[in-house]
Enquirer: 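Provided herewith is a single structure, encoded as structure tokens, for subsequent inquiry.
Just so you know, ligand 1 is whichever comes first in the structure, and atom 1 is the first atom listed for that ligand. FYI, side chains are in, hydrogens and waters are out, and symmetry mates aren't considered; it's all heavy atoms of this structure.
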Amino acid sequence: MASEMPPVTVRFARAGAYEVRFGPLGSVPSHAADVGLEARNALVVTDSNVGPLYLTTVRDALASAGWRVHAAQVPAGEASKSAEVLADLYDAARSAGLERRDAVFSLGGGVVGDVAGFLAATWLRGVPLVHLPTSLMAQCDSSIGGKCGINHAGAKNRVGSVWPPRLVLADIATLDTLPRPELAGGMSEVVKHAILEGPAAVGDLLASWDSVVSRDRASVGRVVRRAAAFKAGVVTEDEMEAGRRAHLNLGHTFAHAIEAAGALAAHTHGQAVALGLRAALHLSASLAVRRPLAPDVTLPAPFDRPDALAARLDTGPPLDAPAHALEQALAWDKKRSEGALRFVVLDGAGRPRLADAVPAPMIAAAWRRARACAANQGAV
Ligand SMILES: NC(=O)c1ccc[n+]([C@@H]2O[C@H](COP(=O)([O-])OP(=O)(O)OC[C@H]3O[C@@H](n4cnc5c(N)ncnc54)[C@H](O)[C@@H]3O)[C@@H](O)[C@H]2O)c1
């Protein structure tokens, strides 16, 4: 059973270790006690979709273990990663009388995790944080690694910190209510992690794909745990993002350009990442054969299986941002990273590396690939 899966340990040089545990939301008090949190004041931060579904369970469980529970509900959606919402949460923390040994619990997806995490990082210069992730993205990615923050003036994650939680408790059963587009978006990160992990992970995910997307709970649990363990391994090794953690950006240089080129309205973040992964795999194969490949070619080994996996993802509507807008968005990324346009590419599954000085025709060919595969709507 997914709820009995062994925990994943994340080690942080500065802040010690914490675990990603798997179990029902109602078991949060015993896990919290187990990691040394006393039952005191709790501020549970959730959003307007997740709150009505799961807040009562968490509130009742904490209250019956002696916690004094306060709750703050933010509007669902990325717009809640804002200074205004954060200010409301500071007010909620003040009303709750939240002190240094009290705790913030984030109950929701990556948005709630990021804004509640930043609240915990900054309130009284830092209070204990527990993540209760309820989206696929949050369970296998955003709740692990300690990054938190808000957006500013249209720029994502411009203001933030690294504040590791004391505990992550992922209840796989909550994914039953996750809307399908959010499941599809989370699968983009799951696929990315599998490709970065290696050929066995790619093969296993291809084999279990149908049962995962039809939400067979045991299959979903195994996939979440594996992706979470992969991310935990990377952040453990590379806490300050000096090396290996940068590989987690596979496909993201292209995805950011797609979003920045104004296609954001047409493509969800998950769909942009799915397109970005197809482009990055195509670029990797072009680099391997030393020529720009045709957009519709079956990629040669060892890129064929990772590409077949990425091809299962929902890439949304056709990519219709003009080529010059995409190139311009890449150029902006280049300016931001001090002159070097750097891609994460692969020498094969599990063998990522950073590449700069990539020939422009190969980048153009990767964009043509993204356009060619963008008819793959609704693949999850
Ligand atoms: N901190 C990090 O390291 C990190 C890493 C990756 C992404 N992120 C951030 O995560 C955010 C994206 O996370 P996300 O995809 O979880 O988005 P999200 O938090 O907006 O959740 C997606 C939607 O699903 C709903 N939802 C969540 N769980 C549900 C459930 N169990 N049942 C029903 N509805 C549910 C939410 O209310 C929301 O409408 C972005 O802001 C991104 O920047 C952070």
Enquirer: For ligand 1, note which part of D114 has a heavy atom under 4.0 Å away: side chain, backbone, both or neither.
Expert: side chain
Enquirer: Compare every heavy atom of P292 with every heavy atom of A365, then report the nearest pair and how far apart it is.
Expert: CB-CB, 3.7 Å
Enquirer: Taking non-hydrogen atoms only, is L136 closer than 4.0 angstrom to ligand 1 via side chain, backbone, both or neither?
Expert: neither
Enquirer: Could you measure the distance from the OH atom of Y18 to the CG atom of L167? Nearest 0.5 Å is fine.
Expert: 10.5 Å
Enquirer: Thinking salt bridges, do R217 and D176 make one under a 4.0 Å N-O criterion?
Expert: yes
Enquirer: Please check this pair: side chain of S211 against backbone of D216, looking for a donor-acceptor N/O pair closer than 3.5 Å.
Expert: no
Enquirer: Roughly how far, to the nearest 0.5 Å, is the CH2 atom of W123 from the CZ atom of R94?
Expert: 7.0 Å
Enquirer: Could you give the distance from NZ (K147) to CG (D141), rounded to the nearest 0.5 Å?
Expert: 9.5 Å
Enquirer: Using a 4.0 Å cutoff against the non-hydrogen atoms of K156, which atoms of ligand 1 qualify?
Expert: 40 (C), 41 (O), 42 (C), 43 (O)
Enquirer: Looking only at side chains, do H269 and E259 share a donor and an acceptor under 3.5 Å apart?
Expert: yes
Enquirer: Could you list which atoms of ligand 1 come closer than 4.0 Å to a heavy atom of K81?
Expert: 9 (C), 40 (C), 41 (O), 42 (C), 43 (O)
Enquirer: In the structure I gave you, are the side-chain heavy atoms of Q271 and P317 within less than 4.5 Å of one another anywhere?
Expert: yes
Enquirer: Within the 4.0 Å heavy-atom shell around L53, which atoms of ligand 1 are there?
Expert: 32 (N), 33 (C)
Enquirer: Among all the protein's non-hydrogen atoms, which is closest to atom 21 (O) of ligand 1, and how far away is it?
Expert: G109 CA, 4.2 Å
Enquirer: Which of the numbered atoms in ligand 1 are under 4.0 angstrom from any heavy atom belonging to T134?
Expert: 27 (C), 28 (N), 29 (C), 30 (C), 31 (N)
Enquirer: Please write down residue, atom name and distance for the protein heavy atom closest to atom 38 (C) of ligand 1.
Expert: N49 ND2, 4.0 Å
Enquirer: Under 4.0 Å from ligand 1, counting heavy atoms only, is it the side chain of K231, its backbone, both or neither?
Expert: side chain
Enquirer: Return the closest protein heavy atom for atom 16 (O) of ligand 1 as residue, atom name and distance.
Expert: S135 OG, 2.5 Å
Enquirer: Hey, is S142 touching ligand 1 through its side chain, its backbone, both or neither, going by heavy atoms under 4.0 Å?
Expert: both
Enquirer: Check for a donor-acceptor pair, side chain of K231 on one end and backbone N or O of I144 on the other, with a separation under 3.5 Å.
Expert: yes
Enquirer: Under 4.0 Å, heavy-atom basis, I'd like to know which part of E78 is in contact with ligand 1: side chain, backbone, both or neither.
Expert: side chain
Enquirer: Look at R40 together with E99 and state whether they make a salt bridge at an N to O cut-off of under 4.0 Å.
Expert: yes
Enquirer: Checking a contact table here: which protein heavy atom is nearest atom 34 (N) of ligand 1, and how many Å away?
Expert: P179 CD, 3.6 Å
Enquirer: Do you know the tightest heavy-atom contact between R244 and G233?
Expert: NH1-O, 4.0 Å
Enquirer: Salt bridge or not between D34 and R21? Use side-chain N to carboxylate O under 4.0 Å.
Expert: yes
Enquirer: Taking 4.0 angstrom as the limit and counting only heavy atoms of Y54, give me the atoms of ligand 1 inside it, by number and element.
Expert: 31 (N)
Enquirer: Out of G113, G110, S188, indicate the one that has the non-hydrogen atom closest to atom 13 (O) of ligand 1.
Expert: G110
Enquirer: Which one holds for S48 and ligand 1: side chain close, backbone close, both close, or neither close, with close meaning a heavy atom under 4.0 Å?
Expert: neither
Enquirer: I need the nearest protein heavy-atom contact for atom 29 (C) of ligand 1: residue, atom name and distance, please.
Expert: L178 CD1, 3.5 Å
Enquirer: How far is atom 20 (O) of ligand 1 from its nearest protein heavy atom, and which residue and atom name does that atom have?
Expert: V111 CG2, 3.4 Å
Enquirer: What part of I144, side chain, backbone, both or neither, has a heavy atom within less than 4.0 angstrom of ligand 1?
Expert: neither
Enquirer: Can you check which of E182, M137, H269 brings a heavy atom nearest to atom 24 (O) of ligand 1?
Expert: E182
Enquirer: Would the distance check show the side chain of H282 and the main-chain N or O of R278 forming a donor-acceptor pair, the cut-off being under 3.5 Å?
Expert: no
Enquirer: Tell me which protein heavy atom sits closest to atom 33 (C) of ligand 1, plus the residue, atom name and distance to 0.1 Å.
Expert: T177 O, 3.1 Å
Enquirer: Taking non-hydrogen atoms only, is D47 closer than 4.0 angstrom to ligand 1 via side chain, backbone, both or neither?
Expert: side chain
Enquirer: Contact between D102 and V127 at the side-chain level, heavy atoms closer than 4.5 Å - yes or no?
Expert: no
Enquirer: Quick one: which ligand 1 atoms are inside 4.0 Å of a heavy atom on V50?
Expert: 26 (N), 27 (C), 28 (N), 29 (C), 35 (C), 37 (O)
